[in-house]
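These notes concern the structure reproduced below.
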Amino acid sequence: PDSVTWSLFDLDGNVINSQSGESATPGNPTRITLSGDDLALTDPTADYEIRVLAIEVTVDSDVTTLQKRFIVKNLIGVT
């Protein structure tokens, strides 16, 4: 790919941890690492929350957007 950008949202479209339009180094494979506040629950009383990782890839001026959903579980008592 010529460029890769990514954003992290909740299901309501709210940006998580200011992660919007972040650049990733194109490669094979391209790696995006989420950690810390990227994976913190916005509601600490919830059992889980769903995140949406949106990835935009540009190849020869053609833009493709992929969205992947994943669950963040509340591990109460784990530090």
Side-chain angles (χ1 to χ4, degrees):
D2 299 321
S3 68
V4 177
T5 59
W6 61 273
S7 301
L8 185 62
F9 302 98
D10 63 16
L11 281 179
D12 294 324
N14 300 307
V15 175
I16 301 296
N17 196 28
S18 302
Q19 302 286 27
S20 180
E22 299 295 313
S23 294
T25 303
N28 187 14
T30 296
R31 297 187 190 274
I32 297 170
T33 303
L34 303 176
S35 63
D37 288 342
D38 298 335
L39 304 173
L41 296 181
T42 57
D43 177 0
T45 64
D47 291 332
Y48 67 90
E49 292 178 357
I50 297 174
R51 296 282 191 269
V52 179
L53 178 64
I55 305 165
E56 187 174 278
V57 179
T58 304
V59 178
D60 297 329
S61 301
D62 292 324
V63 178
T64 300
T65 301
L66 311 166
Q67 290 191 352
K68 297 294 180 184
R69 294 180 180 193
F70 63 95
I71 295 173
V72 178
K73 291 186 178 181
N74 191 349
L75 302 176
I76 298 172
V78 176
T79 59

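Owing to the predicted nature of the structure, the values given are computational and were not obtained by experimental measurement. Counting from 1, the numbers follow the sequence of the chain as shown.
The heavy-atom pair separating P26 from D2 by the smallest distance is CG-O, 3.7 Å. In this structure, P1 and V59 approach most closely via the heavy-atom pair CA-CG2, 3.6 Å. Closest heavy-atom contact between D38 and R51: O-NE, 3.4 Å. Taking all atoms of both residues into account, the shortest heavy-atom contact from N74 to A46 is ND2-O, 2.8 Å.
A side-chain donor from one of E49 and T42 sits under 3.5 Å from a side-chain acceptor of the other.
Taking CD of E22 as the start and OG of S7 as the end, the distance is 7.5 Å to the nearest 0.5 Å. Distance CG/L8 to CG/D37: 11.0 Å, rounded to 0.5 Å. Taking OG of S20 as the reference point, atom CG of N14 lies at 11.5 Å (rounded to 0.5 Å).
Using a distance-only test at 3.5 Å, with no hydrogens or angles considered, no donor-acceptor pair links the side chain of N17 to the main chain of Q19.
Linking ILVMFWY side-chain heavy atoms closer than 4.5 Å, directly or via other members, places L53 and V15 in two distinct hydrophobic clusters. In the hydrophobic cluster analysis, where Ile, Leu, Val, Met, Phe, Trp and Tyr join through side-chain heavy atoms closer than 4.5 angstrom, L39 is grouped together with L41. Residues L11 and I71 are members of one and the same hydrophobic cluster, defined by side-chain heavy-atom contacts under 4.5 angstrom among Ile, Leu, Val, Met, Phe, Trp and Tyr. Follow the hydrophobic side-chain contacts under 4.5 Å out from F70 and you reach W6 in the same cluster. Placement of F9 and I55 in two distinct hydrophobic clusters is found when ILVMFWY residues are connected by side-chain heavy-atom separations under 4.5 Å, directly or transitively.
The number of heavy-atom neighbours closer than 6.0 Å to CG of D47, taken from other residues, nucleotides and ligands shown, is 12 or below.
Using a 4.5 Å heavy-atom cutoff, the side chains of E56 and T64 are not in contact. Counting heavy atoms from C-beta outward, D10 and I16 have side chains that approach closer than 4.5 Å.
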